[in-house]
Amino acid sequence: MSTKKILNFINGEFTEGTSGKTFEDRNPVDNSLVGTVYEAGEADVDTAVKAAKAALKGPWGKMTLQQRVDMLYKVADRINERFDEFLEAECADTGKPYSLASHIDIPRGAANFKVFADVVKNVPEEAFRLDTPDGKGALNVGQRSPKGVIAVISPWNLPLLLMTWKVGPALACGNTVVVKPSEETPQTTALLGDVMRECGMPEGVFNVIHGFGPNSAGAFLTAHPGVDAITFTGETRTGEIITQAAAIGLRDVSMECGGKNAAIVFADCDMDKAIEGTMRSAFANCGQVCLGTERVYVERPIFDEFVSRLAEAAKGLKLGAPQDKATSMGPLISLEHREKVLSYYKLAVEEGATVVTGGGIPDMPGDMAEGAWIEPTIWTGLADDARVVKEEIFGPCCHIRPFDTEDEVIELANDNVYGLATAIWTENSSRAIRVSEQIEVGLAWVNSWFLRDLRTSFGGAKQSGMGREGGVHSLEFYTEMKNICIKL
Ligand code: NAD
């Protein structure tokens, strides 16, 4: 099978760039070569940022709001028309099942353009009437303008979805973007360049540069003085480094970072729903979801039943090729990431865990034996200060611990440096509200998980991030608010 050439997209053109460097894009299903990625050098990043800067003053900057909205609708429609290409590319890069990516990644990736076009079109601007000593008053009118060139740095777990979650609002607000997709998943971002070109997006509005973080495209981009703001999704440690880069020139940052999310299961829950929801939150996307559950707290009377039912369900997961309709779990993103996850599987045993199910590498047939497969894993019996209970693993695994009281479980859930999301399972709505209010997170789900109304805020507390995205909250980051005070 021939492999693809995955190019940078700068100022409306696909280009190999000038670094002379390439790297491999491998499929984690069988470690086969998908394509050769052309790494952007410092000069290419500079060209991309300058093109994005120039585009702010070109036809893009002169478009009416309605023209911009129409353009973003066209982009979303075109992604949907090329759905199968996006699907194939995303699944080749990530190994995730087609059933998952066709349901979540690609449709949501397209929808982000329409959702934010609608938000920007419909949000009112503020106006305040001020009394003045002469009795004539003054009128204050708020006006939002684009912030400028936005650097978008995205991760590999939901490549198209998380990238358009930033590019959608950035463009809707009239900015231009330079996107650095994860080195693990370069394809769908590059493909979006082609869609932009087909839709007649003016040159320089959407740029893609490929590469890594330190001493590569990521660092070159975040350090570039022409970048006006940086939006990032990825690990907290990387977020800290990028925030330091952004401090030079006081550039604004939006940070969506790691999590070690707790699920809280009360004895009065609907057990079927709690099992189904926790199955998804722990194992969907092979556990590589920032909002996923890695700590499960279960009220003691139902602890044994919950553990055995979740373990049964986990054993029923079908690991297999993305195209296979029966597949419910794919591999991890890479062999390198599998090393990391396996090191935690080993550590769990060293820390005294009981391995309820999983804990190793599954036997996969044929070429898949070369892939980054791992078993879905459940532990019990770890101490609250075990590293496996404290640190983000980002794999298909969770630790289950019993609790006795509401106060105790709130304290346990909050005893972590992260604060991204939680899922609370109870049929008692007063308790659901009481507990949700006390959990230190940006997103609390009650009797659900991953249910998202895109008009609502999204983001993490504590070390899970800075700022909020979603709906009007995205406008805070992607626009510069100006107050115009008119003395009457
Ligand atoms: P990562 O931090 O390793 O990489 C993310 C991106 O940053 C990549 O594009 C990478 O090339 C780039 N990068 C790395 N170092 C850089 C540097 N010094 N300067 C500029 N760019 C740099 O994260 P990952 O492994 O791709 O993703 C997994 C992590 O993302 C997990 O911690 C997960 O929780 C988090 N995540 C968070 C959310 C959220 O919404 N909060 C969503 C998805 C993933």
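Just so you know, ligand 1 is whichever comes first in the structure, and atom 1 is the first atom listed for that ligand.
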Exercise. Parallel, tilted or perpendicular: which describes the rings of F9 and F206, with under 30° parallel and over 60° perpendicular?
Worked result: tilted

Problem set entry | Which atom of S19 lies closest to which atom of A40, heavy atoms considered | CB-C, 4.2 Å

Exercise. How about Y418 and N261: do any of their side-chain heavy atoms sit closer than 4.5 Å?
Worked result: no

Exercise. Closest heavy-atom contact between A246 and V253?
Worked result: CB-CG1, 3.2 Å

For this session: Kindly state each residue pair satisfying salt bridge (Lys or Arg N to Asp or Glu O under 4.0 Å) with at least one member in residues 146-164, sequence neighbours excluded.
Result: K147-D252

Filter the ligand 1-protein atom pairs down to N or O on both sides and distance under 3.5 Å, then list them.
residue: ligand 1; atom: 2 (O); partner: E235; partner atom: N; Å: 2.9
residue: ligand 1; atom: 2 (O); partner: T238; partner atom: OG1; Å: 2.7
residue: ligand 1; atom: 9 (O); partner: S154; partner atom: O; Å: 2.8
residue: ligand 1; atom: 9 (O); partner: K180; partner atom: NZ; Å: 3.0
residue: ligand 1; atom: 11 (O); partner: K180; partner atom: NZ; Å: 2.6
residue: ligand 1; atom: 11 (O); partner: E183; partner atom: OE1; Å: 2.7
residue: ligand 1; atom: 23 (O); partner: E235; partner atom: N; Å: 3.4
residue: ligand 1; atom: 25 (O); partner: W156; partner atom: NE1; Å: 2.9
residue: ligand 1; atom: 26 (O); partner: W156; partner atom: NE1; Å: 3.1
residue: ligand 1; atom: 30 (O); partner: G234; partner atom: O; Å: 3.4
residue: ligand 1; atom: 32 (O); partner: E392; partner atom: OE1; Å: 2.6
residue: ligand 1; atom: 34 (O); partner: E392; partner atom: OE2; Å: 2.5
residue: ligand 1; atom: 41 (N); partner: C257; partner atom: N; Å: 3.3
residue: ligand 1; atom: 41 (N); partner: C257; partner atom: O; Å: 2.7

For this session: Just say parallel, tilted or perpendicular for the rings of F116 and W165, cut-offs at 30° and 60°.
Result: perpendicular

